[in-house]
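Below you'll find the structure, written out as structure tokens, and then a few comments.
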Amino acid sequence: MQTFSQTLLLVTAVLSLTSAAPLEEQKGHNFKVHQVRNPKHVKNGALALAKAYRKYGAPLPEYLTTALNNQTSANTKRATTGSAATTPEEYDSEYLTPVSIGTPAQTLNLDFDTGSADLWVFSTELASRYQTGHSVYSPSKSSTSKKLSGASWDISYGDGSGASGDVYTDVVNIGGVSFASQAVEAASTISTQFTEDTDNDGLVGLAFSSINTVSPTSQKTFFDNIKSSLSQPLFAANLKHDTSGSYDFGFADSSQYTGSITYTSVSTSQGFWQFTANSYQVGSTSYNTKVSGIADTGTTLLLLPDTIVKNYYSKVSGAQNSNTYGGYVFPCSATLPTFTYVVGTKSIVIPAAYLNYAPVTDGSSTCYGGLQSSAGIGINIFGDVALKAAYVVFNGGSTPQLGFATK
Ligand SMILES: C[C@@H](SC(=N)N)c1ccc(Cl)cc1
Ligand SMILES: C[C@@H](SC(=N)N)c1ccc(Cl)cc1
């Protein structure tokens with residue numbers, strides 16, 4: 001409810017905002033004075049109004065203080081960006097990225113996984129035989145570690161692997177971007193897939209925090225924690241075949257892709273970066289059918305419906321769906337077609353070489369396909385075989401989106 005004097009003030013303030021008569025008329029003489037509006041000046045009614053209130057020594061009404069505060073937080077320019085090199089294991093089976101944890105920094109090589117939301121690490125809480133050969137997180141050696149009282153975690157992945165343990169908060173730095181109180185999930189148990197993977201020291205979950213497994217209070221991913229401080233609320237995956245690529249935070253690196261980035265909508269309902277490709281191609285044959293799936297850096301292969309997989313391997317002489325090897329195999333000498341998925345109107349072409357994943361066992365002349373069936377999973381998975389053909393932007397803005405560019 002405004003008093004008369006406040007209304008008077010408001011009227012005065014508004015009048016002071018209206019443009020005054022041109023300077024030359026005001027001064028009476030006729031020489032042309034050419035005023036140039038400051039192109040940089042952003043009109044800001046709330047600020048001008050507040051100035052008028054202050055000029056008359058009147059207290060600011062609540063709505064005005066609120067407006068100014070909202071602007072201040074919005075105007076606080078996000079400043080940070082960062083970039084970390086990510087290096088493929090043999091056959092591009094996974095990509096490992098150095099991450100610094102604690103004070104002094106303990107650097108571990110972690111698997112960035114846009115298909116899960118837990119940051120967990122090999123730790124001193126594991127039986128010593130499982131620590132051998134790994135970099136492990138030792139909370140007791142970090143002056144900034146804090147035990148998250150009563151918290152535990154237990155994760156199972158689609159491939160049947162898993163891990164569990166308790167939780168600390170500590171400073172985590174990735175590619176120069178730091179967060180002081182990141183939930184660091186220390187493993188005290190890990191499955192055989194992890195005990196056998198001697199280079200992987202844990203995972204950084206980059207899916208949505210809604211699927212974090214910490215109990216009783218779920219924790220935020222590193223990306224969720226740093227998002228508001230980034231120049232732009234996004235990260236990008238630039239995975240490559242048989243050589244190091246990068247994870248970029250807060251910016252899309254235009255030196256790393258060609259043409260434009262095509263953005264497409266994301267469903268976060270299952271906690272994943274789920275999107276829909278409009279169509280696909282096997283070689284030059286186009287199939288006009290939509291394919292939904294998740295952008296998942298933590299899964300090695302491209303896992304799609306049987307119909308698509310059958311269309312693909314029908315073009316590969318000697319291909320068969322092997323019970324022995326659990327998927328489509330073919331002679332390593334076979335000529336493979338490319339596989340294309342279309343995001344918006346942008347075609348992402350997966351080179352044939354990426355679709356010859358690896359010999360079924362070292363030295364074999366039978367090779368395992370990079371494209372396999374998603375039957376039984378319940379969701380299609382655009383894993384590394386698909387993502388390493390693109391520069392992929394994971395935009396966590398108010399409406400999350402995925403962006404794809406060729407490179
Ligand atoms: C979503 C991924 S797991 C992950 N990226 N953390 C997945 C689910 C189910 C299967 Cl069968 C294989 C992989
Ligand atoms: C990301 C998860 S699940 C998956 N395989 N897609 C995982 C499990 C086991 C290892 Cl050794 C590495 C990664």
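Please read all numbers here as calculations on a predicted model, not as lab measurements. Atom set for the values below is all heavy atoms of this structure, side chains included, hydrogens, waters and symmetry mates excluded. Both counts, for ligands and for their atoms, begin at 1 and track the order of listing.
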> Any idea which part of I381 is under 4.0 Å from ligand 1, heavy-atom wise: side chain, backbone, both or neither?
Replying inline: side chain
> Looking at atom 5 (N) of ligand 2, what's its closest protein heavy atom, distance included?
Replying inline: D159 OD2, 2.7 Å
> Of all the non-hydrogen atoms in the protein, which one sits nearest to atom 10 (C) of ligand 1, and at what distance?
Replying inline: G158 CA, 3.3 Å
> Are any of the N or O atoms of Q193 closer than 3.5 Å to those of ligand 2?
Replying inline: no
> With a cut-off of 4.0 Å, which atoms of ligand 1 are near a heavy atom of S116?
Replying inline: 6 (N)
>> Do the side chains of K146 and D170 get close enough for a salt bridge, i.e. N-O under 4.0 angstrom?
In response: no
> Hey, which atoms in ligand 2 end up nearer than 4.0 Å to a heavy atom of D197?
Replying inline: 11 (Cl)
> More than 12 non-hydrogen atoms from neighbouring residues, nucleotides or ligands closer than 6.0 Å to CZ on F251, yes or no?
Replying inline: yes
> Any idea which atoms of ligand 2 are less than 4.0 Å away from a heavy-atom of L203?
Replying inline: 1 (C)
> To which protein heavy atom is atom 9 (C) of ligand 2 closest, and what is the distance rounded to 0.1 Å?
Replying inline: F194 CZ, 3.3 Å
>> So if I apply the ring pair (Phe, Tyr, Trp, His ring centres under 6.0 Å) rule between F208 and each of F223, F394, W273, which one comes out positive?
In response: W273
> Which of these passes ring pair (Phe, Tyr, Trp, His ring centres under 6.0 Å) with Y247: Y95, F112, Y391?
Replying inline: F112
> How far is atom 4 (C) of ligand 2 from its nearest protein heavy atom, and which residue and atom is that?
Replying inline: G298 O, 3.3 Å
> What atoms in ligand 2 come closer than 4.0 Å to a heavy atom of T299?
Replying inline: 6 (N)
>> If only side-chain N and O atoms count, and only distance matters, is there a donor-acceptor pair under 3.5 Å linking T340 with S347?
In response: no
> Considering only protein heavy atoms, which is closest to atom 6 (N) of ligand 1, and at what distance to one decimal place?
Replying inline: D113 OD2, 2.6 Å
>> Could you check whether K147 makes a cation-pi contact with Y168, meaning its NZ or CZ is under 6.0 Å from the centre of the six-membered ring and within 45° of the ring axis?
In response: yes
> At a 4.0 Å threshold, what atoms of ligand 1 neighbour a non-hydrogen atom of G115?
Replying inline: 1 (C), 4 (C), 5 (N), 6 (N)
> Taking atom types as modelled, is there a side-chain donor on N225 or Q182 under 3.5 Å from an acceptor on the other?
Replying inline: yes
> Which residue supplies the protein heavy atom nearest to atom 8 (C) of ligand 2, what is that atom called, and how far is it?
Replying inline: S161 OG, 3.1 Å
> Please state which protein non-hydrogen atom is closest to atom 2 (C) of ligand 2 and give its distance, to 0.1 Å?
Replying inline: Y157 CG, 3.7 Å
>> Rounded at 0.5 Å granularity, tell me how far CZ in F272 sits from OG in S267.
In response: 10.5 Å
> Distance only, no hydrogens: is a donor on one side chain within 3.5 Å (strictly under) of an acceptor on the other, for S322 and Q320?
Replying inline: no
> With backbone taken as N, CA, C and O and side chain as the heavy atoms from C-beta onward, which portion of E94 lies under 4.0 Å from ligand 2: side chain, backbone, both, or neither?
Replying inline: side chain
> What's the shortest distance from atom 13 (C) of ligand 2 to any protein heavy atom, and which residue and atom give it?
Replying inline: D111 OD2, 3.5 Å
> Are the ring centres of W120 and Y137 closer than 6.0 Å?
Replying inline: no
>> Taking the six-membered ring for Trp, are F275 and F382 closer than 6.0 Å centroid to centroid?
In response: yes
>> Can you check which of T297, I377, D296 brings a heavy atom nearest to atom 1 (C) of ligand 1?
In response: D296
